[in-house]
Asks: 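Here it is, the structure, as structure tokens.
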Amino acid sequence: MPQTVEANYHDGVVELKHKPTGIQNARALVVFLDTEEPQERHAIDWDSIRARKSSVDKWIGILQSADLGDWKAERRACVEGKHQ
């Protein structure tokens, strides 16, 4: 005989408020009685986004003047040294 048990759902988990009596294993249907209100969406101002410098643009000047040496060779030597 069908039983109704109140439950809460969050993050993919259904938690029953109480254990149903006389049921060890059964098929079940889940009906969501209410849903969360959709979050308010804001229009994207693409012009202001295009006008801003990205984080990459901010670092380019610093990296161009930096003396990084041959960091790839240094890294390769370090990695090869660990495996010998």
Side-chain angles (χ1 to χ4, degrees):
M1 167 163 276
Q3 283 189 48
T4 301
V5 177
E6 188 178 351
N8 288 322
Y9 170 84
H10 61 89
D11 299 325
V13 177
V14 176
E15 292 182 350
L16 301 177
K17 295 266 183 161
H18 65 273
K19 185 176 178 179
T21 56
I23 297 177
Q24 297 299 318
N25 187 9
R27 296 181 329 144
L29 298 174
V30 177
V31 177
F32 294 98
L33 301 174
D34 54 358
T35 59
E36 294 178 354
E37 292 296 320
Q39 295 179 355
E40 185 178 331
R41 295 185 178 220
H42 300 283
I44 297 173
D45 184 2
W46 290 109
D47 293 329
S48 68
I49 292 173
R50 285 186 194 104
R52 281 191 247 151
K53 281 190 170 183
S54 71
S55 58
V56 173
D57 293 332
K58 292 175 186 175
W59 283 98
I60 285 177
I62 295 170
L63 294 176
Q64 285 176 342
S65 63
D67 180 20
L68 301 176
D70 192 2
W71 65 271
K72 288 183 181 179
E74 292 173 12
R75 179 70 182 140
R76 187 181 321 90
C78 180
V79 169
E80 288 173 355
K82 290 181 180 178
H83 293 289
Q84 290 179 354

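FYI, side chains are in, hydrogens and waters are out, and symmetry mates aren't considered; it's all heavy atoms of this structure. Since this is a predicted model, take the numbers as computed values, not measurements.
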Asks: On a heavy-atom basis, which atom in H18 and which in V5 lie closest, and how many Å separate them?
Replies: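 For H18 versus V5, the nearest heavy atoms are O-CG1, 3.2 Å.
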Asks: Looking only at non-hydrogen atoms, find the nearest pair between A26 and I23 and report the distance.
Replies: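 Nearest heavy atoms, A26 then I23: CB-CG2, 3.7 Å.
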Asks: Would you kindly confirm whether L16 and V13 end up in one hydrophobic cluster when ILVMFWY residues are joined by side chain heavy atoms under 4.5 Å apart?
Replies: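 Different clusters: L16 never reaches V13 through Ile, Leu, Val, Met, Phe, Trp or Tyr contacts under 4.5 Å.
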